[in-house]
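One structure is given below, encoded as structure tokens.
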Amino acid sequence: MSESKQTPLVALGKHLKNMREQSQQTLAEVSGAVEIDASALERIESGSERPHEDILLLLISYFSIDDDEAIKLWDLADYDGELPERLRGNDDAQLVAKNTVMLVALDMRTMYSDGLDVEIGDTGLTLNFTQNSVKQQTSPVARLGMSYEQAEQVIAQLQQSILLHRYNGGPRQLPPSIGN
């Protein structure tokens, strides 16, 4: 990365880190809110990685950064494309962006995992479930955050379920009677 591009990314990262610290939030809390790994957010905050455009827009929205400051952050990120409509000063676009409601469709399919990374924060933890592909590449399957109290309840429920499966494989029956 050239020196001219590195300096703006460092300034961008410092600004985002300052916003996070002012809101008294951990890396895990903010990364969970914008759905990226805490390590990726840490690289962004250090200036060693430029956030994807969508991630920067999510961070701008998450921290409720005003439009002028958002445009400065966008310029620091040095994207090749044009400024998003939300940041261009179009009053209609700003009204729509500020009153956005996100609907999340519940997907009840079962996702299987063969890997787990746990991120620990001050208020709770985040479980990052992964699956190894045929090419031995790790792909994210699901991300789940919870408080420590909830994690303890989940552990107890898992232990109980495993014990029930292990020792109660099926209904117990008396052996068949002989000669009656």
Side-chain angles (χ1 to χ4, degrees), residues 1 5-90 93-107 111 113 115-131 137-155:
M1 188 180 288
K5 288 196 179 206
Q6 197 170 32
T7 304
L9 288 182
V10 170
L12 171 67
K14 284 182 179 179
H15 190 82
L16 292 171
K17 183 176 182 178
N18 185 39
M19 295 294 292
R20 178 180 59 80
E21 289 174 344
Q22 282 182 350
S23 65
Q24 299 179 340
Q25 295 186 53
T26 65
L27 279 167
E29 290 169 329
V30 174
S31 65
V34 297
E35 298 182 353
I36 61 171
D37 289 331
S39 59
L41 181 58
E42 190 171 31
R43 289 189 303 273
I44 291 167
E45 287 184 352
S46 71
S48 62
E49 182 176 311
R50 178 176 40 193
H52 189 275
E53 294 174 5
D54 293 341
I55 298 299
L56 184 57
L57 286 172
L58 287 170
L59 289 167
I60 287 169
S61 176
Y62 181 74
F63 290 122
S64 301
I65 296 173
D66 66 61
D67 292 340
D68 291 336
E69 193 174 356
I71 291 171
K72 289 176 187 172
L73 291 177
W74 193 264
D75 288 340
L76 287 173
D78 196 27
Y79 297 121
D80 292 332
E82 103 180 15
L83 193 63
E85 190 172 318
R86 176 185 174 247
L87 301 179
R88 275 193 231 142
N90 179 341
Q94 288 177 11
L95 287 174
V96 170
K98 291 181 181 174
N99 294 321
T100 301
V101 174
M102 182 183 295
L103 298 176
V104 178
L106 295 178
D107 185 353
M111 304 295 286
S113 169
L116 173 65
D117 295 320
V118 180
E119 296 174 14
I120 299 173
D122 293 337
T123 58
L125 52 92
T126 303
L127 305 174
N128 297 302
F129 294 92
T130 59
Q131 179 72 46
Q137 293 177 331
T138 302
S139 300
V141 174
R143 182 177 172 98
L144 181 66
M146 64 184 73
S147 68
Y148 288 112
E149 295 79 18
Q150 185 182 10
E152 289 171 351
Q153 292 172 358
V154 168
I155 290 169

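If you read the sequence from its start, that first residue is 1, and numbering goes on from there. These figures come from a predicted structure and were not determined experimentally.
Between the S113 side chain and the T130 main chain, a donor and an acceptor come within less than 3.5 Å of each other.
Counting heavy atoms of neighbouring residues, nucleotides and ligands inside a 6.0 Å radius, atom CD of E35 does not exceed 12 of them. Other residues, nucleotides and ligands contribute more than 12 heavy atoms inside 6.0 Å of the CG atom of D66.
Between E45 and L41 there is a side-chain heavy-atom pair separated by less than 4.5 Å. Taking 4.5 Å as the limit, some side-chain heavy atom of E119 sits within range of a side-chain heavy atom of S31. Considering only heavy atoms from C-beta on, I44 comes within 4.5 Å of I36 through its side chain.
Between L73 atom CG and I65 atom CD1 the span is 5.0 Å, to the nearest 0.5 Å. Rounded to the nearest 0.5 angstrom, H15 NE2 and L12 CG are separated by 8.5 Å. Between the CG atom of D122 and the CG atom of L27 there is a distance of 10.5 Å, given to the nearest 0.5 Å. Rounding to the nearest 0.5 Å places CG of L116 at 7.5 Å from CG of N128. With rounding to the nearest 0.5 Å, the separation of CG in D78 from CZ in R50 is 6.0 Å. K72 contributes atom NZ, which lies 9.5 Å from atom CG of L76 (distance to the nearest 0.5 angstrom).
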field: side chain to side chain contact (heavy atoms under 4.5 Å, CB included) between I60 and E69, intermediate numbers included
entry: CA-CA 9 Å; I60 287 169; E69 193 174 356; over 6 Å; no
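For the pairing with Y62, the side-chain contact (heavy atoms from CB on, under 4.5 Å) check across Q25, M19, R20 returns one residue only, Q25.
Summarising the geometry of R143 relative to D37, their closest heavy-atom pair is NH1-OD1, 3.4 Å, with the distance given to 0.1 Å.
For I120, the side chain to side chain contact (heavy atoms under 4.5 Å, CB included) test picks out V118, Y148, with sequence neighbours left out.
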